[in-house]
Amino acid sequence: MLQARVGSTRLPQKMILPFFEGKTILELIISKLQQNFPEVPIVLATSALPENDILADSAKQQHCMVFRGSENDVLQRFIDAAETFHFDRMIRVCADNPFLDVAELQNLIRIAENNTTFDYISFTVNGSPSIKTHFGFWTEYVTLQALKKVNSATEEPFYHEHVTNYIYGNSDVFQIKFLTANPVLEGRNDIRMTLDTAEDFNTLSAIYSKLSARHETAFGINEIVSFLDENEQYKTIMKNQIAENSK
């Protein structure tokens, strides 16, 4: 299930800005998921506000299913979307991560299929849940039952906006499994591939273009890290953005 909306505090309308070859981040991510996971149903879970019509229309043009729900209560939006499409478990994908790593997602799906007792499965990198880092390479698996449990347990707006934070913060209540992320990232804190600001957008758009020109096939974490280590100017920008945008 793909999470996206037009409204953004730090970079309004980032989802509809041309990112690569005239395509938006949303278009690129949907294409990547469709090409690599044709058997997996993809749903865009966006808000019902009219400003998000453009996202819903774009997703439908790519034959992606769409659910419209609450703008701020993202937790409820996901619960409602799952119930609408009769999903009892899902992969949550944040649309501001254009460098989503396919190999890591394939690993997550494989583990989830073989470990159905878990409420939540994701990655850990340098001792932190991947969702709390700036890398922007990963997704997370969660069950509808776990989301409903969160909904019943707390009315805190923070936990209703950040869908899974309550789950991995309460490991005594939920069955949680963390997978080890690609070891090439061990000890690294100088890479920021998630997109929140205008500076992020410009930097990541340039990197995406250069990597696409270098690799005829898809590129992932290994290729990205290698490229950044060869082009220190991008890491300098990223370090400044990491310092200014703490998770």
Side-chain angles (χ1 to χ4, degrees), residues 1-5 26 29-30 32-48 52 55-56 59-60 62-97 100-124 129-132 137-181:
M1 198 172 300
L2 190 56
Q3 177 181 327
R5 64 188 180 98
L26 181 63
I29 291 180
I30 290 176
K32 178 182 286 190
L33 294 174
Q34 289 175 331
Q35 291 168 11
N36 290 280
F37 307 96
E39 75 288 355
V40 178
I42 303 169
V43 175
L44 169 66
T46 190
S47 109
N52 291 298
L55 298 184
K60 289 174 183 176
Q62 290 182 268
H63 308 290
C64 176
M65 295 181 289
V66 175
F67 177 83
R68 309 287 295 271
S70 173
E71 168 78 3
N72 297 316
D73 193 340
V74 187
L75 174 63
Q76 189 65 55
R77 191 198 308 169
F78 267 71
I79 291 172
D80 293 343
E83 291 183 331
T84 297
F85 291 100
H86 308 291
F87 298 155
D88 58 7
R89 52 186 183 153
M90 67 206 81
I91 302 289
R92 176 173 171 258
V93 181
C94 293
D96 52 4
N97 292 332
L100 176 70
D101 187 275
V102 170
E104 298 281 71
L105 178 50
Q106 288 172 333
N107 187 34
L108 176 63
I109 292 174
R110 179 181 60 81
I111 297 295
E113 288 177 339
N114 294 315
N115 293 271
T116 57
T117 59
F118 287 100
D119 298 307
Y120 176 87
I121 307 174
S122 190
F123 293 86
T124 181
S130 59
I131 196 69
K132 297 182 71 175
F137 294 128
W138 302 282
T139 59
E140 48 187 2
Y141 162 91
V142 66
T143 66
L144 174 58
Q145 182 180 11
L147 296 184
K148 286 183 173 180
K149 188 182 291 188
V150 175
N151 202 31
S152 298
T154 178
E155 296 181 359
E156 283 289 328
F158 176 84
Y159 293 119
H160 282 253
E161 179 183 357
H162 302 279
V163 179
T164 58
N165 283 53
Y166 188 88
I167 296 174
Y168 57 75
N170 290 273
S171 57
D172 56 327
V173 178
F174 299 92
Q175 293 293 315
I176 297 172
K177 183 177 181 65
F178 280 112
L179 311 177
T180 302

**Request:** Would you check if there is a donor-acceptor pair between the side chains of Glu140 and Thr164 at a distance under 3.5 Å?
**Result:** yes
**Asn151 side chain to Gln76 side chain, donor-acceptor N/O pair below 3.5 angstrom** = yes
Where is the tightest heavy-atom contact between [X] and [Y], given as atom of each residue plus distance?
| X | Y | result |
| --- | --- | --- |
| Thr46 | Ala4 | OG1-O, 2.7 Å |
| Ala82 | Leu144 | CB-CD1, 3.9 Å |
| Ala146 | Ile167 | CB-CD1, 4.0 Å |
| Asn52 | Ser47 | ND2-OG, 2.8 Å |
| Ala181 | Phe123 | CA-CD2, 4.0 Å |

To the nearest 0.5 angstrom, please state how far the [atom1] atom of [X] sits from the [atom2] atom of [Y].
| X | Y | atom1 | atom2 | value |
| --- | --- | --- | --- | --- |
| Lys148 | Thr143 | NZ | OG1 | 10.0 Å |
| Leu105 | Asn36 | CG | CG | 8.5 Å |
| Phe178 | Ser122 | CZ | OG | 6.5 Å |
| Leu147 | Arg77 | CG | CZ | 13.0 Å |
| Ile91 | Trp138 | CD1 | CH2 | 15.0 Å |
| Leu33 | Cys64 | CG | SG | 8.5 Å |

Is a side-chain N or O of [X] found less than 3.5 angstrom from the main chain of [Y], in a donor-acceptor match?
| X | Y | value |
| --- | --- | --- |
| Asn114 | Arg110 | yes |
| Asn115 | Phe118 | no |
| Arg89 | Val142 | no |
| Gln3 | Val74 | no |

**Request:** List the steps, then state whether side-chain contact (heavy atoms from CB on, under 4.5 Å) holds for Asp119 with Ile176.
**Result:** CA-CA 6 Å; Asp119 298 307; Ile176 297 172; 5.7 Å; no
Quick one: are [X] and [Y] in side-chain contact, heavy atoms under 4.5 Å?
| X | Y | value |
| --- | --- | --- |
| Tyr166 | Lys149 | no |
| Leu179 | Leu108 | yes |
| Ile42 | Met65 | no |
| Arg92 | Ile131 | yes |

**Asked** Under the side-chain contact (heavy atoms from CB on, under 4.5 Å) criterion, do Asn97 and Thr139 qualify, and how do the steps go?
**Response** CA-CA 9 Å; Asn97 292 332; Thr139 59; over 6 Å; no
**Item:** Of all pairs that satisfy side chain to side chain donor-acceptor pair (under 3.5 Å), the ones with a partner from residues 167-181, not counting sequence neighbours
**Value:** Asn165-Tyr168
**Request:** Sequence neighbours left out, what passes salt bridge (Lys or Arg N to Asp or Glu O under 4.0 Å) with Glu71? Give chain and number order.
**Result:** Arg5
**Request:** Would you sort out whether Ile79 and Glu83 count as a side-chain contact (heavy atoms from CB on, under 4.5 Å), showing the intermediate values?
**Result:** CA-CA 6 Å; Ile79 291 172; Glu83 291 183 331; 4.1 Å; yes
**Message:** Using 30° and 60° as the class boundaries, would you call the ring planes of Phe85 and Phe87 parallel, tilted or perpendicular?
**Reply:** parallel
**Request:** Report, as yes or no, whether the 6.0 Å neighbourhood of atom CD on Gln62 holds more than 12 heavy atoms from other residues, nucleotides or ligands.
**Result:** yes
**Asked** Could you go step by step and tell me if Phe174 and Val150 meet the side-chain contact (heavy atoms from CB on, under 4.5 Å) rule?
**Response** CA-CA 10 Å; Phe174 299 92; Val150 175; 3.8 Å; yes
